[in-house]
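Report on one structure; see the data block that follows.
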Amino acid sequence: MADPSGFCAGVESAVKSLAWLVALNPPPVVCVHAVVHNEDVVTRFEALGVEFVARPEDVPTGAAVLLSAHGSPPDVTQRAAHAHVVVDAACPLVSKVHRELRARSEAGDTIIYVGHRGHDEAEGALAHVGTAAHVVERPSDVDALPLGDDRPVALLAQTTIAMSEWADIAERVRERFSSTWTPPRDDICFATTNRQTAGRALAHECEVVIVVGSATSSNTAALVDSARSAGAAEVHRVSGVDDLPVVTADRIGIVAGASTPAVTIDAVVRAVGPASIRTLRAVDESEYFPLAPGVRRQIEAAIAAGVVSPALIAAYRDDRHVSADALVALVERSSVLPYQHLAGLR
């Protein structure tokens, strides 16, 4: 088992924020796009009555709305103005890229964005650019850009791409353009990098590597590439137990994408049925992102109104140490949620 693996700090915060919106608000609770790219997470919230929509204009009037962890265009809140409350659960690392995009665009740089066309994060990020941006996915795309080599460019990236993708493209951009701005710290998310490090470590020790995560997850795809490039004889990406192939090996490595919940990882491990389990700790990861501010305000108001159960209050007070899986399970088990009390006070 690779460590770190599974939910990153940004996903933990977004999933817990959505769970709290379910607890604090009457239906419909709506999420614009999938809260994270994982079918099990989406299905679990759908069972709690959450609706997932493609556009903020599709949000029903009076709904409580969460904007997904991938980040959103700057006008989304205005486009969902008919909602009861709009909470932005964008990962802080994605928001950092948004700030950089706006600043470099205003400075007059031409933006080169390393990312995957059509991905939710890329679409949300590029909406923050005041001028045209050029999306590149491979070094050869840099050669095809219709720009003069003396044009000042700013190079930024989707946070979930593979580090090797970024490095190869960044090298080609610097070779071609005489004036290239890059962020003081790479845009690639620490959790993405850490899991790729863990995947490479597994590949060095295991004949077979199983990567647990959705096909739509960019960071999961990067994990597959990392394990393969590190020399694993077999690499299999699975969304869950139903995708598991029959494998025969003395040593099997398991690593999971940053949007894969613990319940899915645990199910895969049980299905593999190992004789023993060893943890391979590649990197120590202790980052924590708090709940979205809009959710925290709602929770504090509900606690002040005296309508939150002791179990939920304890989970809020100890948020740093309560996993998203545990909080969602607590909401699932709650027979009376705060919003039901609050409705009686209105």
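Just so it is clear, the structure is predicted and the values come from calculations on it, not from any experiment.
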Original post:
Hey, are the side chains of Val50 and Val35 touching, using non-hydrogen atoms and a 4.5 Å cut-off?
Top reply: no

**OP:** Examine distances only and state if a side-chain atom of Arg237 and a backbone atom of Gly213 form a donor-acceptor pair shorter than 3.5 Å.
**Re:** yes

Original post:
Is it the case that more than 12 heavy atoms not belonging to Arg281 sit under 6.0 Å from its CZ atom?
Top reply: no

Original post:
Any chain of hydrophobic side-chain contacts (each under 4.5 Å) joining Val22 to Leu330?
Top reply: yes

Original post:
Val247, Ile265: one ILVMFWY side-chain cluster at the under-4.5 Å cut-off?
Top reply: yes

**OP:** May I ask you to check whether over 12 heavy atoms, not counting those of Asp250, lie within 6.0 Å of atom CG?
**Re:** no

**OP:** Could you go through the side chain to side chain contact (heavy atoms under 4.5 Å, CB included) check for Leu18 and Val29 one step at a time?
**Re:** CA-CA 9 Å; Leu18 185 54; Val29 173; 4.0 Å; yes

Subject >> Sidechain-backbone polar pair: His128 side chain, Ser72 backbone, donor-acceptor under 3.5 Å >> reply: yes

Original post:
What do the steps show when you test Glu300 against Arg297 for salt bridge (Lys or Arg N to Asp or Glu O under 4.0 Å), and what is the final call?
Top reply: CA-CA 5 Å; Glu300 293 288 354; Arg297 288 191 291 271; over 6 Å; no

Original post:
Less than 4.5 Å apart, any side-chain heavy atom of Trp166 and any of Leu155?
Top reply: yes

Subject >> Close side-chain approach of Ile303 and Arg317, heavy atoms under 4.5 Å >> reply: yes

Original post:
So, the side chain of Thr260 versus the backbone of Val212: is there a donor-acceptor pair under 3.5 Å, distance only?
Top reply: yes

Original post:
So, do Asp225 and Ser164 sit near enough that their side-chain heavy atoms are less than 4.5 Å apart?
Top reply: no

Original post:
Any side-chain heavy-atom pair from Ser218 and Thr159 closer than 4.5 angstrom?
Top reply: no

**OP:** Any salt bridge (charged side-chain N to carboxylate O under 4.0 Å, His left out) involving residues 62-77? Give me the pairs, sequence neighbours left out, ordered by first then second residue.
**Re:** Asp75-Arg79

Original post:
So, Ser13 side chain and Ala9 main chain: donor-acceptor pair closer than 3.5 Å or not?
Top reply: no

**OP:** To the nearest 0.5 Å, tell me how far Asp109 CG sits from Leu156 CG.
**Re:** 9.0 Å

Subject >> Name of the residue among Ile161, Val142, Asp141 meeting side-chain contact (heavy atoms from CB on, under 4.5 Å) with Ile169 >> reply: Val142

Original post:
Is there a chain of hydrophobic side chains (I, L, V, M, F, W, Y, each step under 4.5 Å between heavy atoms) that links Val36 to Val42?
Top reply: yes

Original post:
Are any non-hydrogen side-chain atoms of Val65 and Pro56 less than 4.5 angstrom apart?
Top reply: no

Original post:
Under 4.5 Å between any side-chain heavy atoms of Val87 and Trp20, yes or no?
Top reply: no

**OP:** Verify whether one side chain among Ser178 and Arg176 offers a donor that lies under 3.5 Å from an acceptor in the other.
**Re:** no

**OP:** In plain terms, say whether Lys96 and Asp187 are close enough for a salt bridge, that is, a side-chain N and a carboxylate O under 4.0 Å apart.
**Re:** yes

Original post:
Does the Asn194 side chain pair with the main chain of Val283, one donor and one acceptor, at a distance under 3.5 Å?
Top reply: no

Subject >> Beyond-backbone contact of Gln298 with Leu21, side-chain heavy atoms, under 4.5 angstrom >> reply: yes

**OP:** Answer with yes or no whether the hydrophobic clustering places Leu66 together with Val76; edges join I, L, V, M, F, W, Y residues whose side-chain heavy atoms lie under 4.5 Å apart.
**Re:** no

**OP:** Mind checking side chain to side chain donor-acceptor pair (under 3.5 Å) for Glu51 and listing every partner two or more places apart, or none if nothing turns up?
**Re:** none

**OP:** Kindly say whether Ala292 contributes a backbone atom to a donor-acceptor pair with the side chain of Ser17 at under 3.5 angstrom?
**Re:** yes

Original post:
What is the ring orientation for Phe289 with Phe190, classed by angle as parallel under 30°, tilted 30 to 60°, or perpendicular over 60°?
Top reply: perpendicular

**OP:** Spell out, as yes or no, whether a donor-acceptor pair under 3.5 Å connects the side chain of Arg117 to the backbone of Val135.
**Re:** yes

Original post:
So, does Ser259 use its side chain to make a donor-acceptor pair with the main chain of His37 at under 3.5 Å?
Top reply: yes

**OP:** Taking atom types as modelled, find out whether Asp40 and Thr264 have a side-chain donor-acceptor pair closer than 3.5 angstrom.
**Re:** yes

**OP:** For His82 and Val59, indicate whether the former's side chain and the latter's backbone hold a donor-acceptor pair under 3.5 Å.
**Re:** yes

